[in-house]
Amino acid sequence: MEVMGTVTVLLFASLAERAGTRRLELPLEDGATVGRVRDRVVAQFPQLAPAVPTLMYALDEEYAREDAPVRPGSTLALIPPVSGG
Amino acid sequence: MLIRVTEAPISADEAAQAVASPAAGAINVFLGVVRNTNLGRAVSHLVYDAYPSMAEKEMRAIAEEAKARFGLEDCAILHRTGRLEIGETSLVVAVSCGHRRESYEAGLWVVNEVKKRVPVWKKEVWEDGEEWIEGPESLGMQQAPASMQR
């Protein structure tokens, strides 16, 4: 696949602790979607796999669906169930 | 509209003053505070993580929606992050409007929306361990298979 720029991935809370990082840069492939980038992150950090069923996603600070396209230079946040308040 | 995610202490007075309006007959202020037990376990303290820029965006969207939905004069939402001790204030919501009924309804609605969708997380720390809490009202838990919901 042709590589076209990068995506910044942000991890928080339990995900950041399990992965040992809060931020990573991944090369972006043609036709990348939120779900495909998520799959790449989980391949790199298999310890995140159990969290996937309850994950939400944000692209550039807006909630996004798994099939949303990811453009070069975007920031994708993996959002485990929130517990503010 | 006062909206802030901060590691510094947050104040009910500041929020109440921020929403003050000559047209308001009611100002309702809610404080979320750190409790010393949860689900039967003694809590030592909490640690809050956040995605601050997105959290403030979501809080602003909630405040705007609350103003339109309940006819508020103004709405303020403050969330603290970092380490919080028992009794400290983690969340302040203040709303101002004409009359008391909508002030209570709007205040509850805003707090519920914060718990649903604002990207903030709390870790409970106990004497013998710790755990990141997954909010039962969060969008993430609502979409989960029923077998995973608590």
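The analysis underlying the following values was restricted to heavy atoms, covering all of them including side chains, and did not include hydrogens, waters or symmetry mates. Since the structure is predicted, the reported quantities are computational estimates derived from the model, not experimental observations.
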Cut-off 4.5 Å, heavy atoms of chain A, and the answer for Ala50(B) is backbone

Listed by number, the residues in residues 62-70 of chain A that come under 4.5 Å of chain B (heavy atom to heavy atom) are Glu62(A), Tyr63(A)

Of all heavy-atom pairs linking Ser138(B) and Pro81(A), the shortest is OG-CB, 3.3 Å

CD of Glu134(B) to OG of Ser14(A), rounded to nearest 0.5 Å, is 6.5 Å

Cluster overlap Ile77(B) with Val82(A), hydrophobic side-chain contacts below 4.5 Å: no

Q: State plainly whether one hydrophobic cluster holds both Leu2(B) and Phe30(B), where clusters connect Ile, Leu, Val, Met, Phe, Trp and Tyr through side-chain heavy atoms under 4.5 angstrom apart.
A: no

| field | N/O donor-acceptor pair under 3.5 Å between His79(B) side chain and Gly85(A) backbone | value | yes

Exercise. Check the hydrophobic clustering (I, L, V, M, F, W, Y; side-chain heavy atoms under 4.5 Å; chains of links allowed) and say if Ile27(B) and Val92(B) are grouped together.
Key: yes

Check: Hey, is CZ on Phe45(A) packed in by over 12 heavy atoms from elsewhere, all under 6.0 Å?
Finding: yes

Okay, Glu137(B) and chain A: the region with an atom under 4.5 Å from a heavy atom over there is neither

Heavy-atom check, side chain of Pro119(B) versus side chain of Phe12(A), under 4.5 Å: no

- Using modelled atom types only, decide if a donor and an acceptor are shared between the side chain of Lys122(B) and the backbone of Ser83(A) within a distance under 3.5 Å. yes

If one checks every heavy atom of Tyr51(B) against chain A at 4.5 Å, the contacting part turns out to be both

Max heavy-atom pairs within cutoff under 4.5 Å with chain A, candidates Val33(B), Val93(B), Val114(B), Leu139(B), goes to Leu139(B)

- Message: Determine whether Arg22(A) and Asp49(B) satisfy the following criterion, salt bridge (Lys or Arg N to Asp or Glu O under 4.0 Å), listing intermediate values before the conclusion.
- Response: CA-CA 11 Å; Arg22(A) 292 177 71 82; Asp49(B) 190 14; 2.8 Å; yes

Honestly, the part of Lys57(B) sitting under 4.5 Å from a heavy atom of chain A is side chain

Met54(B) and Ala58(A) have their tightest heavy-atom pair at SD-CB, 3.4 Å

Could you tell me whether the side chain of Glu58(B) reaches within less than 4.5 Å of the side chain of Glu61(A), counting heavy atoms only?
-> no

Taking CD in Glu127(B) as the centre, count heavy atoms belonging to other residues, nucleotides or ligands within less than 6.0 Å. Is the count above 12?
no

If one checks every heavy atom of Leu55(A) against chain B at 4.5 Å, the contacting part turns out to be backbone

Rounded to the nearest 0.5 angstrom, the CD-CD distance for Glu130(B) and Glu17(A) is 6.0 Å

Cut-off 4.5 Å, heavy atoms of chain A, and the answer for Val118(B) is backbone

d(Arg117(B) CZ, Ile79(A) CD1) to nearest 0.5 Å is 12.5 Å

